[in-house]
Amino acid sequence: QVQLVESGGGLVQPGGSLRLSCAASGFTFSSYAMSWFRQAPGKERELVAHITYTGDSTNYADSGKGRFTISRDNSKNTVYLQMNSLKPEDTAVYYCKANRGYAAYWGQGTQVTVSS
């Protein structure tokens with residue numbers, strides 16, 4: 001009964017902000033590294049941000065560096081992605097991923113559309 005459920009997506013104007021959430025259940029969340037990926041139609045799925053299982057280290061793709069912030073709250077089994085200064089090219093389905101060793105779990109995704 002592993003579940004990763006994303007929420008917080010929607011339509012936003014260029015320059016706006018969104019905060020995505022991913023609620024996890026059915027596994028030991030605090031032992032898993034977490035990531036956000038995104039995929040636009042016709043494009044490869046790409047890494048957006050990554051955070052270690054303790055939350056003490058993060059990494060970002062160049063596309064989001066300085067605009068996006070990943071964080072986690074292990075007491076709530078939730079990982080977040082704060083997105084600021086959004087651009088039309090950020091439009092994609094955003095996916096939450098948990099991984100530990102060979103184990104990997106994916107959420108079903110949430111749509112983010114940046115358009116004027």
Side-chain angles (χ1 to χ4, degrees):
Q1 63 269 41
V2 169
Q3 285 189 283
L4 293 170
V5 181
E6 300 96 334
S7 62
L11 176 64
V12 64
Q13 293 184 333
S17 298
L18 285 174
R19 189 178 78 155
L20 307 183
S21 298
C22 174
S25 61
F27 65 100
T28 306
F29 178 80
S30 60
S31 296
Y32 282 71
M34 301 296 299
S35 301
W36 288 96
F37 286 74
R38 69 186 185 187
Q39 188 168 28
K43 303 288 187 180
E44 284 188 20
R45 187 170 297 188
E46 63 177 353
L47 177 70
V48 176
H50 175 87
I51 189 166
T52 59
Y53 71 98
T54 60
D56 62 348
S57 183
T58 59
N59 280 287
Y60 300 91
D62 287 342
S63 59
K65 196 171 297 181
R67 300 186 298 124
F68 295 178
T69 303
I70 188 171
S71 61
R72 68 189 296 161
D73 186 341
N74 284 349
S75 72
K76 296 181 178 179
N77 287 359
T78 302
V79 63
Y80 306 93
L81 183 68
Q82 178 68 45
M83 303 187 293
N84 299 325
S85 302
L86 283 162
K87 306 173 181 179
E89 52 263 45
D90 295 320
T91 296
V93 177
Y94 284 71
Y95 297 91
C96 176
K97 179 189 178 184
N99 69 277
R100 185 188 69 173
Y102 293 105
Y105 306 123
W106 291 87
Q108 65 185 23
T110 185
Q111 177 72 49
V112 172
T113 302
V114 184
S115 177
S116 59

| request: Indicate yes or no: does Lys87 engage Asp90 in a salt bridge with an N to O separation below 4.0 Å. | output: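 So Lys87 does not pair with Asp90 through a salt bridge.
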If you look at every heavy atom in [X] and [Y], which pair is closest and at what distance?
X	Y	value
Ile70	Met34	CD1-O, 4.0 Å
Leu20	Trp36	CB-CH2, 3.7 Å
His50	Ser35	ND1-OG, 2.8 Å
Tyr60	Thr69	OH-CA, 3.4 Å

| field | Joint hydrophobic cluster, Phe37 plus Tyr94, side-chain heavy atoms closer than 4.5 Å | value |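 In one cluster with Phe37: Tyr94, no.
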| query | Any cation-pi pair here, Arg72 with Phe29, using under 6.0 Å and within 45°? | reply |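 So Arg72 does make the cation-pi contact.
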| Is NZ or CZ of Arg45 both nearer than 6.0 Å to the six-membered ring centre of Tyr95 and within 45° of the ring axis? |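 Yes.
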| request: Can you tell me which residue pairs pass the side-chain hydrogen bond (donor to acceptor under 3.5 Å, both in side chains) test with a partner in residues 13-34, sequence neighbours excluded? | output: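 The answer is Ser17-Asn84.
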| message | Run the salt bridge (Lys or Arg N to Asp or Glu O under 4.0 Å) test against Lys43 and tell me which residues pass, sequence neighbours left out. | response |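 Not a single residue meets the salt bridge (Lys or Arg N to Asp or Glu O under 4.0 Å) criterion with Lys43.
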| said: Give me each pair satisfying disulfide bond (SG atoms under 2.5 Å apart) with a member in residues 5-99, each pair once, sequence neighbours excluded. | reply: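 Listed once each, the pairs are Cys22-Cys96.
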| query | Do any pairs count as a disulfide bond (SG atoms under 2.5 Å apart) and have a residue in residues 30-68, sequence neighbours left out, and if so which ones? | reply |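 For residues 30-68, and leaving out neighbouring residues, there are no disulfide bond (SG atoms under 2.5 Å apart) pairs at all.
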| task | Using modelled atom types only, decide if a donor and an acceptor are shared between the side chain of Asn74 and the backbone of Tyr53 within a distance under 3.5 Å. | result |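 Side chain of Asn74 to backbone of Tyr53: a pair is present.
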| In terms of heavy-atom contacts, does CD of Glu44 have more than 12 from other residues, nucleotides or ligands at under 6.0 Å? |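 At most 12 heavy atoms, drawn from other residues, nucleotides or ligands, come within 6.0 Å of this atom.
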| query | So does Glu46 have more than 12 non-hydrogen atoms from other groups sitting under 6.0 Å from CD? | reply |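 Counting neighbours around CD of Glu46, more than 12 heavy atoms of other residues, nucleotides or ligands fall under 6.0 Å, so yes.
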| query | Who passes side-chain hydrogen bond (donor to acceptor under 3.5 Å, both in side chains) against Asn77, sequence neighbours left out? | reply |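 Listed in chain order: nothing, the list is empty.
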| query | Considering only heavy atoms from C-beta outward, does the side chain of Leu4 approach that of Phe27 to under 4.5 Å? | reply |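 Yes - at least one pair of side-chain heavy atoms lies under 4.5 Å apart.
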Taking only distance into account, with no hydrogens and no angle test, what donor-acceptor pairs under 3.5 Å do side-chain atoms of residues 102-116 form with protein atoms, sequence neighbours excluded?
unit_1: Thr110; atom_1: OG1; unit_2: Gly9; atom_2: N; d: 3.4
unit_1: Gln111; atom_1: NE2; unit_2: Ala92; atom_2: O; d: 3.4
unit_1: Gln111; atom_1: NE2; unit_2: Thr113; atom_2: OG1; d: 3.4

